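The structure displayed is predicted, hence computed values, not measured ones.
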Amino acid sequence: MREFFRGWRRKSGVVTLLLALVLTGGWIRSLSIADIVTFSIPAFGRTYSMRSVKGRAEWYIFSGEPHLHRLRWMSQLSSNFPLLVANEERHLRGNQRAFQIPFRVLSLVTPYVAFITPLTLISAFLLLSKPLPSNQKKIAEPVPVEGT
């Protein structure tokens with residue numbers, strides 16, 4: 001068993017397989033439960049939001065005045081997702097004055113399958129491919145010189 005994990009290929013294969021399994025768990029959870037994790041970095045003046053809902057992973061960056069100063073995690077059933085998003089936006093905007101301040105939103109929405117499939121294929125290649133032969137050169141022992 002120890003021989004199987006020699007070299008970087010097999011170790012990397014296990015790591016990518018574990019990452020694919022974690023993302024698969026997130027994908028299955030997102031089919032019934034919506035999660036939103038929101039945090040901000042005041043030095044950058046941005047608020048970051050990661051959402052997991054209905055088989056998708058969504059990333060948002062809000063640039064502008066309204067931002068949080070702490071980590072916030074909200075979860076509800078996926079059927080209540082629009083209500084969850086409305087609560088998050090109300091919290092981001094704060095008081096009525098914040099509605100007059102424009103802020104930009106950058107977003108990236110990707111299905112979990114777009115991450116899980118390549119990670120699974122890469123891990124299968126790394127785990128199932130035969131290891132390359134070692135190229136280590138052996139140091140030759142000095143040959144005694146005759147006649148001295």
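- Two different hydrophobic clusters hold Val22 and Trp73 under the rule that ILVMFWY side chains link at heavy-atom gaps under 4.5 Å.
- With sequence neighbours excluded, the residues that form a side-chain hydrogen bond (donor to acceptor under 3.5 Å, both in side chains) with Ser52 are Tyr112.
- Partners of Tyr60 according to the side chain to side chain contact (heavy atoms under 4.5 Å, CB included) rule, which considers only residues two or more places apart in sequence or in another chain, are Ser49, Arg51, Glu58, Phe62, Val105, Ser107, Val109.
- Val37 and Tyr48 fall within the same hydrophobic cluster, defined by Ile, Leu, Val, Met, Phe, Trp and Tyr side-chain heavy atoms under 4.5 Å apart, directly or through other members.
- Transitive grouping of hydrophobic side chains (ILVMFWY, heavy atoms separated by less than 4.5 Å) brings Phe115 and Val113 into a common cluster.
- Leu128 and Leu121 are not part of a single hydrophobic cluster, where members link through side-chain heavy atoms under 4.5 Å apart.
- Scanning for side chain to side chain contact (heavy atoms under 4.5 Å, CB included) contacts around Leu77 gives Ser79, Asn80, with sequence neighbours left out.
- Rounding to the nearest 0.5 Å gives a distance of 8.5 Å between CG of Leu119 and CD1 of Ile116.
- When the side chain to side chain contact (heavy atoms under 4.5 Å, CB included) test is applied to Ile28, the partners found at least two apart in sequence or on another chain are Thr24.
- To the nearest 0.5 Å, atoms CZ (Arg10) and CG (Leu127) are separated by 7.0 Å.
- Linking ILVMFWY residues whenever their side-chain heavy atoms come closer than 4.5 Å, directly or via other members, places Met74 and Val53 in the same cluster.
- Residue pairs satisfying the salt bridge (Lys or Arg N to Asp or Glu O under 4.0 Å) criterion with at least one member in residues 15-30, sequence neighbours excluded, are listed as follows: Arg29-Asp35.
- Across every non-hydrogen atom of Arg9 and Ser129, the tightest pair is NH1-OG, 3.2 Å.
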Using distance only, find each side-chain donor-acceptor pair of residues 12-21 under 3.5 Å and give its atom names and separation, not counting sequence neighbours.
residue	atom	partner	partner atom	Å
Ser12	OG	Trp8	O	2.8
Thr16	OG1	Ser12	O	3.1
Thr16	OG1	Gly13	O	3.0

